[in-house]
**Q** 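The structure's right below; bear with me while I get my questions together.
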Amino acid sequence: MNNKDIARLLRNAAASYAIKDEKKHYFQIIAYQKAADAIEDSTAEAKDLYKEGKLDQLSGVGPSIKQHLTELFKTGKITHFETVMGGVPPAVFPLLDIPSFGPKKAFKLVEHFKFKNPDTVIDDLKKVAGSGKIATLEGFGKKSEELILHVITEYEDGIKKNVRMVLPFANEIAEKLLAYLKKSPDVMEAFPLGSLRRMLSTIGDVDIAVATKNPEAVLEYFVNYPYKERVIEKGPASSSLLISGGQHIDLMVQPPDRFGSLLQHFTGSKAHNIALREYALKKGFSLSEYGIKNMKDGTVKKYNSEEKFYNSLGLSWIPPEMRENTGEIVLAAKNELPKIVDVKDMKGDFHIHSNFPIEPSHDLGRNSMQDMLNKAKSLHYEYLGFSEHNPSVSKHTSQQVKAILEKRNIKIEQLKKDNKSIRIFSLLEVDILANGKVALDDESANVLDGMLVSIHSAFSMDKKDMTKRVLAGLSHPKAKILSHPTGRLLNQRPGYDLNWEEIFDFAIKNNKALEINSWPQRLDLPDSLVREAVKYGVKFVIDTDSHATEHMNLMKYGVAVARRGWLTKGDILNTNRYNKVTEWFNLKS
DNA sequence: GCCGTTTTCGGCCCGACTGTTTTCAGTCG
């Protein structure tokens with residue numbers, strides 16, 4: 001049973017309570033949902049935490065849920081949940097994945113039409129809706145029947161509640177929409193907000209806030225967006241669209257003098273907003289997108305900037321990437337938020353694949369070393385590290401490999417002479433083989449300035465063996481960086497299991513860095529593990545893993561991961577000047 | 001059922017929008 005299954009179980013229990021008696025179980029419902037969120041977001045598997053006796057370190061898991069989970073891992077079921085879910089037909093639960101379906105609506109329909117089979121319920125419901133039988137039900141009508149047909153069709157086309165796009169993809173959708181919005185004379189300011197502004201690795205909906213003196217006109221203009229598929233809703237202050245790719249975009253509008261509270265409200269996260277409002281309530285204030293309401297006299301103060309909004313609560317402004325309710329409010333109250341890294345702090349990139357003919361077993365870059373250097377100069381970098389994949393082991397003898405690397409070094413020496421304004425490192429991305437050895441012999445390794453080591457094969461090892469393998473690879477004296485440490489590919493495959501405590505500990509003791517890889521499908525190390533690692537004192541590098549010059553622009557996404565992990569400049573090696581970096585690579589300059 | 005820099009008991013964010021109603025329930029963020 002993995003985290004996703006457990007979260008689903010908790011949500012189903014919450015839904016069952018909502019169906020049976022929502023008022024009576026109101027706070028249990030919230031508690032179950034909170035715990036489900038925490039488990040779904042956790043990088044550690046709940047089962048592992050259970051084995052280590054650390055289940056209660058998940059916020060939202062208290063004595064009762066802990067006991068339930070313990071029972072689940074021991075026996076495979078939770079007796080209490082079986083009681084809670086008793087009497088709720090199993091066919092209710094699959095409907096909860098469909099947008100616009102909540103527990104009550106799903107239950108009413110399943111109950112009335114006596115749907116028994118969870119595997120066919122969606123199809124069964126579609127047939128009933130098509131025959132017009134829903135419109136006559138009490139509490140339903142023609143419009144809601146049409147909506148049900150709509151959302152089921154969309155669901156079958158792959159539009160589910162929890163399908164998320166990678167960050168740069170969402171960014172592109174937002175850019176395109178912003179360009180459209182800015183053409184309207186009524187739009188004074190327009191910003192992407194929500195998870196996009198907080199720079200999450202994957203984005204559900206694209207949220208946009210607009211400041212305007214004419215909300216009606218802006219909303220009307222918005223719903224006429226040329227790429228719209230359908231208007232989901234439209235009111236006086238907000239609207240949602242479904243666009244042709246199946247993504248949701250939400251727009252919220254306020255006059256300019258309320259833009260600060262609007263930004264704050266719509267940026268979230270939900271957990272941050274809830275915690276912030278609880279904090280404000282204790283001081284006698286109630287928060288909303290309209291401003292800050294004084295509970296004593298009922299007056300509402302407006303804020304045109306977010307900074308003023310936070311300041312008036314006695315808090316310093318909190319960077320959006322930190323707004324996840326993981327301690328930021330307490331620190332903001334003490335004015336002790338760390339100064340997190342900025343993309344301008346980056347002075348180089350160690351993970352660059354040029355098209356130098358290195359005969360690797362993986363992919364080669366598309367552009368020449370000189371092209372990559374030119375791009376690095378345009379980014380005002382001080383140094384660049386070339387790190388193509390190691391020459392394929394199966395197709396070369398070790399002498400041949402060494403010859404290729406020496407040839408590459410000659411090329412690099414020439415480039416150093418031709419490019420005085422930038423320094424160059426001769427690195428290599430080397431596979432850690434299944435047996436823990438690196439795919440390069442020592443003699444070849446010695447002609448390099450350093451190695452990035454990474455896993456590219458045999459992913460399905462158990463945690464213990466994989467940890468052993470990674471540590472063996474990383475212990476090579478030339479190995480300085482563990483590249484894309486989890487191996488995850490967003491929306492494609494989860495990362496492999498590692499004992500992170502051991503990895504962090506090893507990295508600190510042996511002066512190794514963990515990479516934050518900026519590649520959109522990777523964003524690896526993930527932000528939550530970055531946050532963990534930095535508490536141990538681990539050092540990082542942020543790289544782009546570029547295979548073409550334009551990929552070097554992706555650095556901002558890696559920096560976003562670092563910001564979400566609360567890293568400061570001092571935690572990241574490639575914010576340092578060249579001399580300090582050479583010291584770290586153990587090179588004499 | 002969870003949680004604590006006023007609390008180990010007594011609270012628990014705040015609002016938008018839709019559809020079916022004639023004041024509200026359900027869903028969403």
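Quick note on labels: first sequence line is chain A, next is B, and so on, each numbered from 1. Bear in mind that the values here come from a model prediction, so they are computed numbers and not experimental data.
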**Q** Rounded to whole Å, please give me the gap between NZ in K104(A) and P in dC24(B).
**A** 15 Å
**Q** Would one find a side-chain N or O of S144(A) under 4.0 angstrom from OP1 or OP2 of dG19(B)?
**A** no
**Q** Return no unless some side-chain N or O of S288(A) is found under 4.0 Å from OP1 or OP2 of dC14(B).
**A** no
**Q** So what does S240(A) touch, heavy atoms closer than 4.0 Å: a base, only the sugar-phosphate, or nothing?
**A** nothing
**Q** Let's see if you can work this out: which of dG19(B), dT27(B), dC17(B) has an atom nearest to the side-chain heavy atoms of K143(A)?
**A** dG19(B)
**Q** NA contact type, K282(A), heavy-atom cut-off 4.0 Å: base, sugar-phosphate, or nothing?
**A** base
**Q** Between dG19(B) and dC12(B), how far apart are the two C1' atoms, rounded to whole Å?
**A** 30 Å
**Q** Consider the side chain of K234(A), meaning its heavy atoms from C-beta on, and name the nucleotide among dG1(B), dT5(B), dT18(B) that approaches it most closely.
**A** dT18(B)
**Q** Using a 4.0 Å heavy-atom cut-off, does L287(A) contact any base of the nucleic acid, only the sugar-phosphate backbone, or nothing at all?
**A** sugar-phosphate
**Q** For dC2(B) versus dT7(B), give the span between their C1' atoms, rounded off to a whole number of Å.
**A** 14 Å
**Q** Quick test of your reading: applying salt bridge (Lys or Arg N to Asp or Glu O under 4.0 Å), list the pairs with at least one residue in residues 225-243 of chain A, sequence neighbours left out, ordered by first then second residue.
**A** E154(A)-R230(A), E220(A)-K234(A)
**Q** Between dT21(B) and dA25(B), how many Å separate the two C1' atoms, rounded to a whole number?
**A** 10 Å
**Q** How far, in whole Å, is dT6(B) from dG10(B) if one measures between their C1' atoms?
**A** 14 Å
**Q** From dG15(B), dG29(B), dT18(B), pick the nucleotide closest to the side chain of D250(A)?
**A** dG29(B)
**Q** Would you tell me whether T212(A) and D186(A) have side-chain atoms, one donor and one acceptor, within less than 3.5 Å of each other?
**A** no
**Q** Regarding H80(A), tell me which of base, sugar-phosphate or nothing describes its non-hydrogen contacts under 4.0 Å with the strands shown.
**A** sugar-phosphate
**Q** Suppose you measure atom P in dT23(B) against the same atom in dC17(B); what distance do you get, rounded to whole Å?
**A** 23 Å
**Q** Flag the pair K463(A) and E45(A) as a salt bridge only when some basic side-chain nitrogen lies within less than 4.0 angstrom of an acidic carboxylate oxygen.
**A** no
**Q** Could you say whether K270(A) or A135(A) is positioned toward the 5' end of DNA chain B, judged by the nucleotide with the nearest heavy atom to each?
**A** K270(A)
**Q** Would you mind reading off the distance between F107(A) atom CZ and dT27(B) atom P, rounded to a whole angstrom?
**A** 13 Å
**Q** Let me spell it out: for each of K142(A) and A275(A), pick the nucleotide of DNA chain B with the closest heavy atom. Which residue's pick is nearer the 5' end?
**A** A275(A)
**Q** When the P atoms of dG26(B) and dT22(B) are compared, how many Å lie between them, rounded to an integer?
**A** 15 Å
**Q** Provide, to the nearest angstrom, the distance between the CG atom belonging to L262(A) and the P atom belonging to dG29(B).
**A** 17 Å
**Q** Does L147(A) reach a base, just sugar-phosphate, or nothing at all? Heavy atoms under 4.0 Å.
**A** nothing
**Q** Kindly indicate whether a cation-pi arrangement holds for K283(A) with F285(A), taking the cut-offs as under 6.0 Å to the six-membered ring centre and within 45° of the axis.
**A** no
**Q** Check the pair V166(A) / W519(A) against side-chain contact (heavy atoms from CB on, under 4.5 Å), numbers first and verdict last.
**A** CA-CA 10 Å; V166(A) 295; W519(A) 190 251; over 6 Å; no
**Q** Strictly by modelled atom types, are R198(A) and S269(A) linked by a side-chain donor-acceptor pair under 3.5 Å?
**A** no
**Q** By the 4.0 Å heavy-atom rule, please label D205(A) as base, sugar-phosphate, or nothing.
**A** sugar-phosphate
**Q** Under the 6.0 Å and 45° cation-pi test, does K133(A) pair with F113(A)?
**A** no
**Q** Scan F266(A) against the nucleic acid and name what it touches under 4.0 Å (heavy atoms): base, sugar-phosphate only, or nothing.
**A** nothing
**Q** What's the closest nucleotide to the side chain of E289(A) if the choices are dA16(B), dG26(B), dG19(B)?
**A** dA16(B)
**Q** Base, sugar-phosphate alone, or nothing: which one does K283(A) contact when heavy atoms must sit under 4.0 Å apart?
**A** nothing
**Q** Taking the same atom, C1', in dG11(B) and in dT18(B), what whole-Å distance lies between them?
**A** 32 Å
**Q** What is the separation between atom NE2 on H248(A) and atom P on dG29(B), rounded to the nearest whole Å?
**A** 8 Å
**Q** Separation of L95(A) atom CG from dT27(B) atom P, in whole Å?
**A** 11 Å
**Q** Between E138(A) (CD) and dG26(B) (P), how many Å, whole number?
**A** 12 Å
**Q** Would you call E40(A)-R164(A) a salt bridge at under 4.0 Å N-O?
**A** no
**Q** To the nearest Å, give me how far apart CD (Q33(A)) and P (dC2(B)) are.
**A** 14 Å
**Q** Which pairs with one or both residues in residues 37-67 of chain A pass ring-ring contact (aromatic ring centres under 6.0 Å, His included), sequence neighbours excluded?
**A** Y50(A)-F73(A)
**Q** Is there a Watson-Crick or G-U wobble partner for dT8(B) with both distances under 3.5 Å, and if so, which one is it?
**A** none
**Q** What's the gap between dC14(B) and dT8(B) when it is taken at their C1' atoms, as a whole Å value?
**A** 28 Å
**Q** Return the value, rounded to whole Å, for the distance between atom CG of L241(A) and atom C1' of dA16(B).
**A** 16 Å
**Q** Report the nucleotide, chosen from dT18(B), dA16(B), dG26(B), that has the shortest atom-to-atom distance to any side-chain atom of K108(A).
**A** dG26(B)
**Q** Taking any heavy-atom pair under 4.0 Å as a contact, classify S239(A): base, sugar-phosphate, or nothing.
**A** nothing
**Q** With heavy atoms under 4.0 Å as the rule, sort I65(A) into base, sugar-phosphate or nothing.
**A** sugar-phosphate
**Q** Going by heavy atoms closer than 4.0 Å, what residues in residues 12-28 of chain A are next to DNA chain B?
**A** F27(A), Q28(A)
**Q** Under 4.0 Å between a Lys/Arg side-chain N and an Asp/Glu carboxylate O for D123(A) and K127(A)?
**A** yes
